[in-house]
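I have placed the structure first, in the form of structure tokens, so that the comments after it can refer back to it.
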Amino acid sequence: QVQLVESGGGSVQAGGSLRLSCAASGYLYSRYCMTWFRQAPGKEREGVAAIYIGEDSTYYTDSVKGRFTISQDNAKNTVYLQMNSLKPEDTSMYYCAAKPNCDTWFAAERYKFWGQGTQVTVSS
């Protein structure tokens, strides 16, 4: 069984930064895709960024390119999402999720393992 635990959410003003963490435990393949999703009230869950553990390939949705960076610490089985230049439209619940590969990384329905989420609120 895989467990994912997010942390690092909070409230910031526009232009500020936050770093989210997702700690993974349990059985995982040596290579797998770890993805950050977000979901605002009344909206669909959106893929934000993904990293292919074992190859370090990264993927981003267009709206966060140049502002967000996804990275990994293999020793800690932890993936990070560094969020800079935050905007009010980045306000959402952020979730991490895992699956065996990063094919269609943005498709939430393809993920079996999810964390409980961490709230990010950006005020103008």
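Position 1 is the first residue of the sequence, and the numbers go up from there. Being a predicted model, the structure only gives us computed values, none of them experimental.
Between Arg31 and Glu55 there is a side-chain heavy-atom pair separated by less than 4.5 Å.
Residue Gln119 places its CD atom among more than 12 non-hydrogen atoms of other residues, nucleotides or ligands, all under 6.0 Å distant. In this structure, Glu44 places its CD atom where only 12 or fewer heavy-atom neighbours from other residues, nucleotides or ligands lie under 6.0 Å away. Summarising the local packing, CD of Gln1 is surrounded by 12 or fewer heavy atoms from other residues, nucleotides or ligands at distances under 6.0 Å.
When every heavy atom of Ala50 is checked against every heavy atom of Thr35, the shortest pair comes out as CB-OG1, 3.2 Å. When every heavy atom of Ala24 is checked against every heavy atom of Met34, the shortest pair comes out as CB-CE, 3.9 Å. Of all non-hydrogen atoms in Ser7 and Thr118, the two that sit nearest each other are C-OG1, 4.2 Å. Considering every non-hydrogen atom in both Pro88 and Ala14, the closest pair reads CD-CB, 4.1 Å. The two residues Asn84 and Ser17 come nearest to each other via the heavy atoms OD1-OG, 2.9 Å.
The cationic group of Arg19 lies under 6.0 Å from the six-membered ring centre of Tyr80 and within 45° of the ring axis, placing it in a cation-pi geometry. Relative to the six-membered ring of Tyr95, Arg38 misses at least one condition, a distance below 6.0 Å or an angle of at most 45° to the axis. With Tyr60 as the aromatic partner, Lys65 does not meet the cation-pi criteria of under 6.0 angstrom to the ring centre and within 45 degrees of the ring axis.
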With side-chain contact (heavy atoms from CB on, under 4.5 Å) as the criterion, how do Val122 and Gln13 come out once you've worked through the C-alpha distance, each side chain's angles and the decisive distance to 0.1 Å? CA-CA 5 Å; Val122 185; Gln13 291 190 328; over 6 Å; no
Apply side-chain contact (heavy atoms from CB on, under 4.5 Å) to residues Ser25 and Gln3 and explain how you reach the verdict. CA-CA 5 Å; Ser25 61; Gln3 290 187 325; 3.5 Å; yes
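Remark: side-chain polar atoms of Glu6 are paired, donor with acceptor, to backbone N or O of Cys96 under 3.5 angstrom. Side-chain N or O atoms of Gln82 include none that pairs as donor or acceptor with a backbone N or O of Thr69 at under 3.5 Å. The main-chain N or O of Lys76 is found under 3.5 Å from a side-chain atom of Thr78 such that the two form a donor-acceptor pair. Within the 3.5 Å criterion, the main-chain N or O of Phe106 finds no donor-acceptor partner in the side chain of Arg110. Side-chain atoms of Tyr111 come within 3.5 Å of backbone N or O of Trp105 as a donor-acceptor pair.
Once rounded to the nearest 0.5 Å, the distance linking CE of Met93 with OG1 of Thr121 reads 8.5 Å. Distance CD1/Ile70 to SG/Cys22: 9.0 Å, rounded to 0.5 Å. Here the NZ atom belonging to Lys99 is positioned 14.0 Å from the OH atom belonging to Tyr32, to the nearest 0.5 angstrom.
The pair Lys87-Asp90 fails the salt-bridge criterion, with no side-chain N (NZ, NE, NH1 or NH2) lying under 4.0 Å from an Asp/Glu carboxylate O.
Linking Ile, Leu, Val, Met, Phe, Trp and Tyr residues whenever their side-chain heavy atoms come within less than 4.5 Å places Leu81 and Val79 in a single cluster. In this structure, Val64 is not a member of the same hydrophobic cluster as Phe37, with clusters built from ILVMFWY side-chain heavy atoms closer than 4.5 Å.
For Trp36 and Phe68, the ring centers are positioned 6.0 Å apart or more. No close placement of the Tyr52 and Tyr59 rings is indicated, their centers lying 6.0 Å or farther apart.
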